[in-house]
Amino acid sequence: MRIPLSALIGIVITVAFVLAAIFAPLIAPFPMEAPVGDAWEPSSAIHWFGTDRVGRDILSRLIYGGRITIFVAAAASVIAFTLGAFFGFMAAVRGGWIDQGLSRIVDLMMSIPSLIVALVVLSVLPLSLTVLIVVMGVLDSTRVFRLSRAVAMDIVVMDYVEAAKLRGEGQGWIIFREILPNALSPLVAEFGLRFIFAVLFVSTLSFLGVGVQPPQADWGGMVRDSKDFLVYGKTAALVPAVAIAVLAISVNLVADWILARTSSLKGGRSG
Amino acid sequence: MTQVLKLLVQRIALGLLLLFLVSVVIFLGIEALPGDTAQAILGQSATPVALANLREALGLNLPPLTRYGNWLWGLLHGDLGNSLTNGRPIGPSIARRLGNTLFLASAAAMIAVPLALILGIIAARFAGRWPDKIISAVTLTTVSLPEFVAGYFVIYILTQLFPVFQPVSMVLPGMGFWAKLQAVALPVIVLVLVVLAHMMRMTRAAILNVMESAYIETAELKGLSPMRIIWRHAFPNAIAPIVQVVVLNLAYLVVGVVVVEVVFSYNALGQYLIDHVTKRDLPVVQAVGMIFATAYISLNILADVLAILANPRLRHPK
């Protein structure tokens, strides 16, 4: 199997970011929240990216911030896939009014942009990491639902599913033992796109002030924290912004390659 | 023609039903979530008597359906209630800002739509060759950026490296049209970057799709120039999908403006929404959320209506 250069670059960078997130306490030279120098120190051998407005080491904050960003996005994607795939398969297997009901609910949820729904919901719910992850996961599960349902619709008409039904297997068996293994490859490709969407989504919410709350900060929160000083030539806000862009582009390169390899199933960006 | 009319009526009726359901979700669904408006105003230390009085004053002890009815009735008559944080009526506050948001979004649309069509046609003309590859690489990058990241890159490059613009977009009443346009230049650039990629990619895909038809081959065999084939033969037949994508991306602008307005401290509807989300001012959030949802759904209906009208097979049924 030959991996094109662009996908290879994407894989290397993505893996590096994930490893940095997992081993953050071992890698980061300084703690995340404590000031370790003067405000706005320029980059030096000690502080590679300098320090921010209260003298915190930007590199260390970037590593810890990446940990939060990647964790929240991954957790939200897992929720989205668990909910979306389960209900999507169920809609395909059961058909009838269950399919109709679930599909219409999803249509309704997708008729308004996720950001607007998230803003309305988060203006009422308490702002915590758990709430944030669940809200993001539920909103994003709609797209997984549509894909899983479409994929499963093609599978339920297969002879082996028919055979399983005739053997008298229950619905659980049909969903988990017959459909899931055969639907896995398009779903894996979609996972990359959903993950990157979740990264952009949590970054945007934190940037707007309704995502990850201080003293914790993800990349979006870091941009928010330093944004007002950009016009005075302090580039601290650009460091996490570049990190978001690099991660997003890397995962996209990998996902593009997987999509091109697997099938014509297309994922998309969402509103 | 009757078939088209039937389709149009169906689509619009469906859209109105959707709007109604969305209003139910935004009002009743949100009320069902944990959280109490009276508590939010008075704080955790409020006495039960004070809470009861305030609920009475706000009409919170009426049954939910009655309150929903009142809210919807007010909404349809332009009475959006009062803000919790400053007690002022929401309607006039929104009216002042709505114009600014529309100005920003339409300026972005005026630039993005023609640019996306031109770039899409160029990319289709040189499919697989270097102009196509460059355009694709750039658009893949911009599609990966969240609006606020694109925003700060643009701010840094155009105000610090090449200081030609102001980083804050102040639009004051009484400013002339050109002065206003100059003030929104940076946010417009960001919005164009954000929506351009998708529109351009779909234009390219739609044209390449048509290019596979037999009549294009005929045109090629006649010896027409590639640009003429695209312009006269492929483009008119690709218009239906292109129009749909263009309008759908205008709907995407609805989300884009919220973030971009915050980046540039532009005093308009999106900024107003975010301010009141952080203040937990539910009536404002519900009203503005409903406006954004209405704009988004209307543009989606418009996209489908235009697609129906632009489809020759539907206009001239056998």
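Because the structure is predicted, anything quoted here is derived from the model rather than measured. Protein chains get the first letters and strands the later ones, always in sequence-line order, with residue 1 at the start of each.
Interface remark: A:A237 contributes no atoms to any contact with chain B (heavy atom separation under 4.5 Å). For a residue to count as touching a neighbouring chain, one of its non-hydrogen atoms must lie under 4.5 Å from one of that chain's; by this rule A:V120 touches chain B with backbone and side chain alike. Looking at B:F292, the atoms closer than 4.5 Å to chain A (heavy atoms on both sides) all sit in the side chain, from C-beta outward. When heavy atoms are compared at a cutoff of 4.5 Å, A:T235 approaches chain B solely by way of its side chain, counted from C-beta outward. For a residue to count as touching a neighbouring chain, one of its non-hydrogen atoms must lie under 4.5 Å from one of that chain's; by this rule A:V199 does not touch chain B. Within the 4.5 angstrom heavy-atom criterion, no atom of A:I196 approaches chain B. Proximity to chain B (any heavy atom under 4.5 Å) is restricted, for A:L122, to the backbone atoms N, CA, C and O. In this structure, chain B has a heavy atom under 4.5 Å from the side chain of A:I244, while its backbone stays farther away.
Closest approach of B:Y296 and A:S111 over heavy atoms only: CD2-O, 3.2 Å. Minimum interatomic distance between A:A241 and B:V149 (heavy atoms only, all atoms of both residues): O-CG1, 3.6 Å. For B:T278 against A:L208, the heavy-atom pair with the smallest separation is CG2-O, 4.1 Å.
The aromatic rings of A:F207 and B:F148 lie parallel to each other, their planes meeting at an angle below 30°, with 60° marking the opposite boundary.
Heavy-atom pairs under 4.5 Å with chain B were tallied for A:V210, A:D107, A:V117, A:T204; the largest tally goes to A:T204. For the set B:V277, B:V254, B:L273, the count of heavy-atom pairs under 4.5 angstrom toward chain A peaks at B:V277. The candidate from A:N252, A:L247, A:L119, A:L253 with the greatest count of non-hydrogen atom pairs under 4.5 Å with chain B is A:L119. Here A:L230 is the residue among A:L230, A:I116, A:V121, A:L108 with the most heavy-atom pairs under 4.5 Å with chain B.
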Candidate pair A:I112 and B:V25, rule side chain to side chain contact (heavy atoms under 4.5 Å, CB included), full reasoning = CA-CA 11 Å; A:I112 345 176; B:V25 172; 5.8 Å; no
request  = Dump the intermediate steps for side chain to side chain contact (heavy atoms under 4.5 Å, CB included) on A:L127 and B:R280, then the final yes or no.
outcome  = CA-CA 11 Å; A:L127 298 176; B:R280 319 211 126 214; 3.4 Å; yes
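Summarising the local packing, OH of B:Y68 is surrounded by more than 12 heavy atoms from other residues, nucleotides or ligands at distances under 6.0 Å. Residue A:F195 qualifies as enclosed at atom CZ: its count of foreign heavy atoms under 6.0 Å is above 12. More than 12 heavy atoms of other residues, nucleotides or ligands lie within 6.0 Å of CE in A:M32, so this atom counts as buried by the packing criterion.
Between A:S203 atom OG and B:L145 atom CG the span is 11.5 Å, to the nearest 0.5 Å. To the nearest 0.5 Å, the span separating CG on B:L18 from CZ on A:R104 amounts to 10.5 Å.
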